[in-house]
**Q** 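The structure's right below; bear with me while I get my questions together.
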Amino acid sequence: MKFNFKEIEAKWQEYWAKHGTFRASNDSEKEKFYVLDMFPYPSGSGLHVGHPLGYIASDIYARYKRHKGFNVLHPMGYDSFGLPAEQYAIQTGQHPAITTETNIKRYREQLDKLGFSFDWSREVRTSDPKYYKWTQWIFIQLFNSWYNLNSDKAEDITDLIGLFEEEGNANVKASCNDDTPLFSATDWAAFSPKEKQEMLLKYRLTYLADTEVNWCPALGTVLANDEVVNGVSERGGHPVIRKKMTQWSMRITAYAQRLLDGLEKIDWPQPLKDSQTNWIGRSEGASVKFKVLESTFDNSRNLEPRTFIEVFTTRPDTIFGATFMTLAPEHELVSKITTPEQKAEVEAYVEATAKRSERDRMADVKSITGAFTGAFAEHPFTKETIPVWIGDYVLAGYGTGAVMSVPCGDQRDYDFAKHFGIPIPNIFEGVDISEEAFANKEKTIIANSDFLNGLSYKEATKKIIAELEKIGAGKGKVNYRLRDAVFSRQRYWGEPFPVYYDAEGMPQILGEEHLPLELPEVEKYLPTETGEPPLGNATDWAWDIGTNRVVGNDLIDNKTVFPLELNTMPGWAGSSQYFNRYMDPHNDDAIFSREAVNYWQDVDLYIGGSEHATGHLLYSRFWQKFMFDKGWVPADEYAKKLINQGMITGTSAFVFREEGTVNVVSKGLIQEKKVTPIHADVSLVNSSDELDIDAFKKWQPEYEEAKFILEEGKYIVGREVEKMSKSKYNVVNPDEICEEYGADSLRLYEMFLGPLEQSKPWNTAGITGVHSFLKKMWRLYHSGTEGTFSVSDSEPSKENLKTLHKTIKKVEEDIENFSFNTSVSTFMICVNELSAQKCTSREILEPLAILVSPYAPHIAEELWQGLGHTQTISYASFPKFEAKYITESSKEYPISFNGKMRFTLELPLDMAKEEIEKTVMAHERTQQQLQGRTPKKVIVVPGKIVNIVG
RNA sequence: GCUCGAGUGGUGGAAUUGGUAGACACGUUGGACUUAAAAUCCAAUGGCCAUUAUGGCCGUGCGGGUUCAAGUCCCGCCUCGAGUACCA
């Protein structure tokens, strides 16, 4: 029988599907193990060879764990809401659901060809109403919760209402909006229902508020901070501006500290933890209030008599160096405190900064701009008057949007002061500040600062905070960079909010029993003419509270029929709890049953890309913590271990077009010429970088008449490693690889390419190595020219056993350490040795098949069946490593020398002696040479010590 | 700028706690089998110098250091990649 991988792979894939081989039971005596992949967005271009890398790794681990006797949950699904399907809909009018369905079908076909052991019976799709019912449900739960800082967890909103009724909000410590006023129980009782709702919105974990958002005009939607990269949208690279809008937000800031603390107990890659830590951006310092001097403004500008500017600073110890204050141009006090004389200048400046996009502001960090408001504030200790400026180096979005400027201690303040001629007094001992500010905390000794003189940064900070608290001008404060996450998107293809707006325009939540609220049909997927989101095009998008049904907009009467929310949820909504839904995916009564979550608990291994570090991987931790607070999940971190697989990059090919002509020049001949590199499809180039010119002309007819300037009769292309993408013509399709070499070869090769976590360029040429390994292994089990299946029952030789057990040991260690690349080498060595030994023994070949099966499951199944087994190999136990075959003729010798040298050798006695003597003599020789004496003789005593005789 | 990670043959990459650097594979060269090709198998393959040899010297980005012994540890640089960016 020939090694016909195509037949074999088709046969086993069908077998697994038919028998539900990889179905995981929620009710098993076995220990559970949950291996999770990040589910893909089913894009129209299908999979390329880079996509399955993580899936192959997780599949190997999942199959390995099954061999080890675990009940393994290894599910897969689709993150199927998203922008591309919607944009395609805008262009073609085709409903995104249809595009999505087509793409999913193609994804599934491609995935199936690779022989993954997914439990497809648990598939989820975020765009399926049965699934997003529960995304909407979580939204409702968040809406009905607030964060109690006293108990440090999310609690029911009705408890908060109870507190308000009893004693107002003075003693309530909660994570809430900054503008929340104080009120008493009597005030609360006097509030209208609308006022009560407005107040509660300031406390809810998801709330509707006027917030400064990242608005992308080109995409016509707001974006979350993690979707904005360098001032442009992550998708498409369109400019983004800041804008105030009424939007749903998620109060993730309530969990800032717990999100930081949680990082310590999970085994995630350090770089990823670092980037989450930076993103949350905890900094310790103080908030200080500066009184705005009343003499500097007149009451006609309706400023309350006592107005304060509150600032956050990490250097309260330098407060005596503060010579001015700077507000962000957007700061709400700017218009109120500006004097009539300065009004024109300030307004012009505010307008100018508003026009500049975030990106411009960032691009030009160097130029210093600002304006004086004409107002003055009072220093809380010296009582000196200090001028209040505005400047765009102060960001409205961070801290309070205002700073106390200490030019001697902060470079930006220094530059600003220098530029506008503001004095720069020195408050540091023994430091020269004539050229630049001094910002070294460790070396700080405070001077010219009244009661802080002579103190270090630490001492001074402690003391000044105590003083600030004493005089009521400030307090110690921890500030986070993390902002609440905007949760509204002006898109069609996303989860609708289960929200309608009552006669007073207040948001009202649908009852849980009416979920899912399904997406309405629309004529057009673009915003309406009045600028409303696409759902504004729906004619049936109103809620009847009498019948609890969606009805036509024409019925809106603001008595029983109300308009529904027009925004939809962002992409990350659907992916923030999907891992728990897999535990019980078909449950219509609950997001998952208590039994299911108690059995599966959490994810043991999560594999996916690091690009989600500050998006999905942060939001999902947030939701998990919320679910934990409510007692619905047993763990407040959902993934014990996470691995970031590296990206597989493409190797693009280039032809060089001579400027002004259509002629193209071979790579070696371009030296002096002016050429433009042009992408050539990689499939037109062979492994020695030679271009198939005819095929190229056929592919790009504009070069039909072009002259190809060759070197040594060949056209050699240029090469460059780039991201794999359609537009770069460097995409390698896994289907083609499977067709030519088989899925097992592809799986082995992707692992063999290098360490899982490293990014590496794809090069199809090397795959012949692993492919011929599979053929060699096949031949171990077959004999004669006909290749008939034949293994012997003869006793294996010691050599055979040694080879096998060496392999078992190494492969097991490799899988446990996720060093899948080296175990492929180990397999090759093993098969090479066994064929040299002419090993045909069943006792060796049976365990070998199991050993290889996580990597190359199809061939392993076929061989396993050939060995006479009827059951599938997945249930066979992983072979046990037996040390006796390796160390039989060897012994271990721990050696110490001078109490310093210590090593262990795993060698036969005489060889070990020789080795040790050599090493020790080398040491001795050097020593003796230095001292002019002859070396001593070294005697090695098996067991412990090296004796020097001399 | 800051934070993190990485630099090893022509290429991808191996190398327990510091212990024979370059495993395994690709590529290249030579050979066997073939009318030929493919496939398969065998041999060589870090550089330099020797070749009478089971020979010598140099080699893990650069410069120092610790050690009997450094790709691995320490100090100072260089280069590349990732994240982040006026965060007070």
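So that the names make sense, note that chain A is the first sequence line, chain B the second, and so on, each numbered from 1.
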**Q** Would you say A/Q758 places a side-chain N or O within less than 4.0 Å of OP1 or OP2 belonging to B/G13?
**A** yes
**Q** Apply the syn/anti split at 90° from 0 to B/G65 and say which one it is.
**A**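 Judged by the O4'-C1' to base torsion, B/G65 sits in anti, the angle falling more than 90° away from 0.
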**Q** Rounded off to whole Å, could you give me the CG-to-C1' distance for the A/N832 and B/C41 pair?
**A** 12 Å
**Q** Remember a base hit wins even if backbone is also touched, and classify A/K776 as base, sugar-phosphate or nothing at under 4.0 Å, heavy atoms.
**A** sugar-phosphate
**Q** Give a yes/no answer on whether the side chain of A/K775 brings an N or O atom under 4.0 Å of OP1 or OP2 in B/U40.
**A** yes
**Q** With C1' as the reference atom in both, quote the distance from B/A15 to B/A23 in angstrom, rounded to an integer.
**A** 8 Å
**Q** Mind checking A/N821 for me? I need base, sugar-phosphate or nothing, with any heavy atom below 4.0 Å counting as a touch.
**A** sugar-phosphate
**Q** Going through the distances and angles, do A/Y480 and A/T253 end up as a side-chain hydrogen bond (donor to acceptor under 3.5 Å, both in side chains)?
**A** CA-CA 8 Å; A/Y480 298 93; A/T253 50; over 6 Å; no
**Q** Hey, is the side chain of A/R481 poking within less than 4.0 Å of OP1 or OP2 on B/A85, counting only N and O atoms?
**A** yes
**Q** Report which part of the nucleic acid A/P755 touches: base, sugar-phosphate, or nothing (heavy-atom distance under 4.0 Å, all strands).
**A** sugar-phosphate
**Q** Is it true that, when you exclude A/E332 itself, more than 12 heavy atoms of the residues, nucleotides or ligands shown sit nearer than 6.0 Å to its CD?
**A** no
**Q** Reckon A/S610 touches a base, only the sugar-phosphate, or nothing at all at heavy-atom distances under 4.0 Å?
**A**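 Here A/S610 touches no strand at all.
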**Q** A/H379: which residues meet the ring pair (Phe, Tyr, Trp, His ring centres under 6.0 Å) condition with it, sequence neighbours left out?
**A**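 Testing A/H379 for ring pair (Phe, Tyr, Trp, His ring centres under 6.0 Å), a comparison that skips the adjacent residues, returns A/F320.
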**Q** Around atom NZ of A/K289, are there more than 12 heavy atoms from other residues, nucleotides or ligands closer than 6.0 Å?
**A**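 Atom NZ in A/K289 is not crowded, with 12 or fewer foreign heavy atoms closer than 6.0 Å.
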**Q** Does A/R483 place a side-chain N or O at less than 4.0 Å from the phosphate oxygens OP1/OP2 of B/C87?
**A** no
